[in-house]
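Below is one structure, written out as C-alpha cells; comments come after it.
Protein chains get the first letters and strands the later ones, always in sequence-line order, with residue 1 at the start of each. Keep in mind that the numbers below use all heavy atoms, side chains included, and drop hydrogens, waters and symmetry copies.
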Protein chains: 2
Amino acid sequence: MTEPIRIKDIAKRVGVSSGTVDRVIHNRGNVSADLREKIERAMEEMGYEPNIAARSLANNRKTVTIAVILPDYRTDPYWEQPKEGVERAAESVRHFGAVVEFYFFPIFEPKVFLTVVSKVLKNQPDAILVAPLFLKEAQFLLSECAQRSIPILSINTQIENAEELDYIGQDSYQSGVLAGRLLNFGLSDGDHAMLVNLDKEVASARHLQEKERGFKDFFKSVEQKDVVIHINVLEDFDDPEKMKAWAKEQLKLFPKLKGFFVTNSRAYKLAEALPSTTYPWAKIVGFDLIGPDLRLLEEGKIQFLINQNAWHQGYLGVITLVNRLILKKRTQRILYLPLDIIVKENVEYYLKRTLESPTMVV
Amino acid sequence: MTEPIRIKDIAKRVGVSSGTVDRVIHNRGNVSADLREKIERAMEEMGYEPNIAARSLANNRKTVTIAVILPDYRTDPYWEQPKEGVERAAESVRHFGAVVEFYFFPIFEPKVFLTVVSKVLKNQPDAILVAPLFLKEAQFLLSECAQRSIPILSINTQIENAEELDYIGQDSYQSGVLAGRLLNFGLSDGDHAMLVNLDKEVASARHLQEKERGFKDFFKSVEQKDVVIHINVLEDFDDPEKMKAWAKEQLKLFPKLKGFFVTNSRAYKLAEALPSTTYPWAKIVGFDLIGPDLRLLEEGKIQFLINQNAWHQGYLGVITLVNRLILKKRTQRILYLPLDIIVKENVEYYLKRTLESPTMVV
DNA sequence: TTTTTTGCCGTGTGCGCACACAGTATTAAT
DNA sequence: ATTAATACTGTGTGCGCACACGGCAAAAAA
C-alpha cells in the first residue's frame with residue numbers, strides 16, 4: 001500500500017508552500033507560469049488525489065442549493081419516484097452542505113413550466129436538476145442557464161444537441177426494442193400486438209417516438225414468426241368507460257390481438273379496461289414500478305414491467321451534481337440506466353433497493 | 001434546513017465538555033451513570049448524527065485491513081467478478097484507511113481452503129470477507145472469528161443459522177422460481193424441461209439445492225400448462241466430448257425436451273454441447289454475465305441469463321465492512337441483491353454499470 | 001493525617017484541506 | 001532615490017471528530 005499523497009507532499013517536492021499548490025489546484029491565479037507547470041507535473045507524477053473527507057470538512061461552511069424542477073407528483077404517481085430518489089440523496093449529502101429546493105409544475109402545462117423556471121432563476125440556485133418534458137421551454141431554460149453559467153442536469157427526457165446538459169435516464173429506443181422481445185416471447189406465429197400510447201401530445205414527445213421506433217424495429221428483425229403490429233394513441237386514459245369501450249372495439253376489430261405494449265407507466269389503465277375474459281391469454285408489457293401496475297403484475301394481469309429506474313434518476317442526479325459542485329469530480333455527461341426486466345418473482349428486490357443499500361460518495 | 005448537531009452542541013446543552021460526550025459515544029467508560037444518561041437523551045432529542053467527513057479524517061492514521069477469501073479466479077471466470085468488485089471498492093475506500101488483502105483457494109478443494117484460512121488468521125486482519133463454499137470448513141472459520149471477535153461477512157453462499165455472519169448475495173430459492181417462470185414463457189403445453197447441475201458435490205451445495213426447490217415449486221404452481229421436469233447432475237462439464245454425448249442421449253431419451261435451466265454460470269458448456277439442429281427452438285436459462293455466456297446470449301443460443309450481481313457482491317461486501325469498521329455504521333445483516341433478468345437488449349447496461357456510476361458511501 | 005489509588009472530567013492537538021491574510025520581491029510611478 | 005503599485009508566495013486558522021494527556025476530587029491504603 002502506497003501512502004496517499006497530500007498537498008504538503010507535492011509542495012515539499014517542488015519546494016514551495018502548500019498555499020501555492022492550493023492556488024494551482026483551484027485556478028486562483030497569482031502563480032508564476034514556471035511554478036505552475038512544475039506543480040502540475042509533480043501532481044501528475046506523484047498521482048495526487050484530494051482527500052474528499054478533508055475537502056468536504058473544510059468546505060462545510062458554504063452551502064450549495066440545487067433547484068429540482070419536476071412534474072407534480074400528485075397528478076401522476078410516476079413522479080413520486082424521482083422525487084423520493086432526490087429526497088434520499090438530499091439526506092445523504094446534507095453533511096456536504098448541499099440543499100435541494102423542489103419546484104413542481106402540472107404535467108401537461110408548458111406555460112406553467114415557464115413560470116416555474118423564472119421563479120427558479122430568480123432564486124439563483126447553484127445547480128438545476130430538471131425533467132424537461134417540453135422541448136421548446138426546456139431550450140429556453142438551457143440558454144438562460146448557459147448565460148448564468150449554472151450547471152444543469154436533466155432526467156427522464158433526453159434533449160438532443162444540448163451540449164451543456166448532462167442526462168441521466170433511459171435509452172428510449174432500446175427500451176422499445178426490449179419491449180418487443182419480451183412481448184414476442186409470449187406470442188405465437190400470426191398473433192397481433194399493439195403499441196398503445198396512453199399520453200397527450202404524443203407527436204411532440206420524443207421519448208415516445210423512440211420507443212415506437214425500437215418496438216417496430218424489433219419485430220422487423222424477427223424472422224421466425226410473423227407478428228402483426230398496430231400503433232394507437234389514446235388521450236382519454238383518465239376515463240375508464242371510454243377506455244373499456246375502446247378496448248372492446250379493438251378486440252373485435254382484431255380477433256388475434258394477444259399482446260399490448262404500453263409505452264409509459266399507465267399500463268394498469270389498459271389492464272383494467274380489458275374484459276376479464278382476456279385473461280390469462282392477454283400479454284401486457286408496461287413501464288415502471290408504480291402501485292397500480294405492481295398490483296396487476298402480482299395478479300398476473302401484467303406480464304412484464306420495464307423499470308426505468310425513476311427513483312435512481314432522481315438519486316443519481318443529485319449525487320452527480322454534488323460530486324460536481326462540492327467534490328469537483330465530473331462524471332460522464334450521459335448515463336443510461338439499466339432497463340430492468342421485472343416479473344412477479346424479482347419485483348421486491350427492486351422496490352427494496354430504493355430504501356437501503358450501503359452506498360458512498362466516491 | 002436545520003443546522004447539523006455537533007458534539008460541541010450536545011456538550012453545551014448538558015453542561016459538560018466534548019470529551020465526556022465523546023466517551024459516551026465510543027463507550028470508553030469513565031462517565032458517571034447519571035451524566036451518561038443525560039448525554040444519551042440529549043443526543044436522541046437533538047438528533048445527533050456524526051459528521052462522517054470529520055470522523056474519517058480524524059481516523060485516518062490507523063488503517064484497517066480486510067482479508068478477502070475467494071476461489072481462484074484463474075480456474076473459473078465467474079470468480080473474476082467478485083474480485084473486480086472488491087478491487088473497485090478497495091480503491092474507493094483507500095482514503096478511509098482501508099486495505100484489502102486477497103487470499104485465493106482452488107474451487108473444489110476444502111483442504112486447501114483450511115490452509116488458507118489459517119494463514120489469514122495468522123495475519124490478524126480487522127475483518128474478513130469470504131465466499132464460504134464448503135459448509136464444514138466455513139463453520140470452523142466462523143468459530144475462530146467469533147473467538148477472536150473478528151467481523152466476518154459472506155458472499156455468494158449463505159450459511160444457515162450463522163448469527164454473527166453477514167450475507168450479501170442472492171436468494172437461491174427465489175432465483176430458481178424465477179428461472180422456472182422465464183423458461184415457462186418459451187414452452188408449450190406438454191414440453192419437457194431439464195434442470196442441469198454442471199457442478200461437483202452438488203448434494204452438499206445448499207445454494208444449488210435451493211435453486212432446484214424453487215424451480216420445481218414454480219412448475220407445481222403453473223396450472224395452465226403441463227410441463228415435465230427432469231433433474232440432472234453432470235460432473236464431467238470440462239470434457240466437451242462427454243458433454244456432447246450426454247446431450248445427444250438426453251435429446252433422444254426425451255424428444256419433447258425444449259428447455260434447459262443451468263444452475264450456475266456454465267450454461268455455455270451446455271449450449272456448446274447441443275447439436276446445432278436444436279436451434280432456435282431450444283430455450284436455455286443460465287446465470288451470470290461471464291464472457292462465454294454473453295457470446296452465446298448475443299448469438300441467440302442462450303435466451304435468458306439471471307444476473308447474480310457477483311461484481312456487486314464483492315463491491316458491497318467491502319463497502320459494508322468499511323462502514324462497520326471505520327464509520328461505525330451497521331447496515332442490515334442480510335442483503336439480497338436483485339435477480340436481474342438479462343437478454344440481448346439490456347445486457348450492455350449491466351456490464352457498464354460495474355465500471356462507472358457515481359456512487360457515494362453514506 | 002499523609003500518601004496512593006481510583007473514578008471522573010476537561011483540555012489540547014492533529015487529521016488534510018480551503019481560504020483569508022500577511023508578507024516579500026520586483027517593477028512602475030513619482 | 002523614494003514611494004507606490006504590482007506580482008507573487010508563505011503563514012495561520014478552523015472545519016468536526018478521536019484520542020492522549022493532565023487534573024482534581026473522593027475513596028482507599030499507608
Separation of atom CD1 in A:Ile5 from atom C1' in C:dC17, rounded to whole Å: 16 Å

B:Thr20 vs C:dG10: side-chain N/O to OP1/OP2 distance below 4.0 Å: yes

Residue pair A:Arg88 / A:Val318, side-chain heavy-atom distance below 4.5 Å: no

Spacing of A:Arg6 atom CZ relative to C:dC15 atom C1', expressed in whole Å: 10 Å

Whole-Å distance separating the CD1 atom of A:Ile10 from the P atom of D:dG10: 13 Å

Value in whole Å for how far the P atom of D:dC15 lies from CD1 of B:Ile52: 19 Å

Euclidean distance, atom NZ of residue A:Lys8 to atom C1' of D:dG10 [Å, nearest integer]: 15 Å

A:His26 vs A:Asp22 side-chain heavy atoms within contact, under 4.5 Å: yes

From CA spacing to verdict: salt bridge (Lys or Arg N to Asp or Glu O under 4.0 Å), A:Arg6, A:Glu49: CA-CA 8 Å; A:Arg6 300 159 301 175; A:Glu49 297 233 353; over 6 Å; no

Proximal nucleotide (of C:dG16, C:dA18, D:dA18) relative to the B:Asn59 side chain: D:dA18

Presence of B:Ser18 side-chain N/O under 4.0 Å of C:dT11 phosphate oxygens OP1/OP2: no

A:Asp22 CG - D:dC8 P separation (whole Å): 17 Å

side-chain N/O B:Tyr48 vs D:dC17 OP1/OP2, d < 4.0 Å: yes

Whole angstrom value for the distance that separates C1' of D:dG16 from NE2 of B:His26: 12 Å

From C:dC9, D:dG10, C:dC17, nucleotide with atom closest to A:Asn51 side chain: C:dC17

Sugar-phosphate, base or nothing in reach of A:Ile25, heavy atoms under 4.0 Å: nothing

Phosphate contact (C:dA18 OP1 or OP2) by A:Arg55 side-chain N/O below 4.0 Å: yes

Rounded interatomic separation in angstrom, taking CG from A:Asn30 and C1' from C:dG23: 13 Å

Along DNA chain C (nearest heavy atom to each residue), the more 5'-positioned of A:Ile7 and A:Arg23: A:Ile7

A:Leu70 side chain near A:Val68 side chain, heavy-atom distance below 4.5 Å: yes

Over all atoms of both residues, closest heavy-atom pair of A:Gln170 and A:Asn156: NE2-O, 3.8 Å

side-chain N/O A:Ser32 vs D:dA7 OP1/OP2, d < 4.0 Å: no

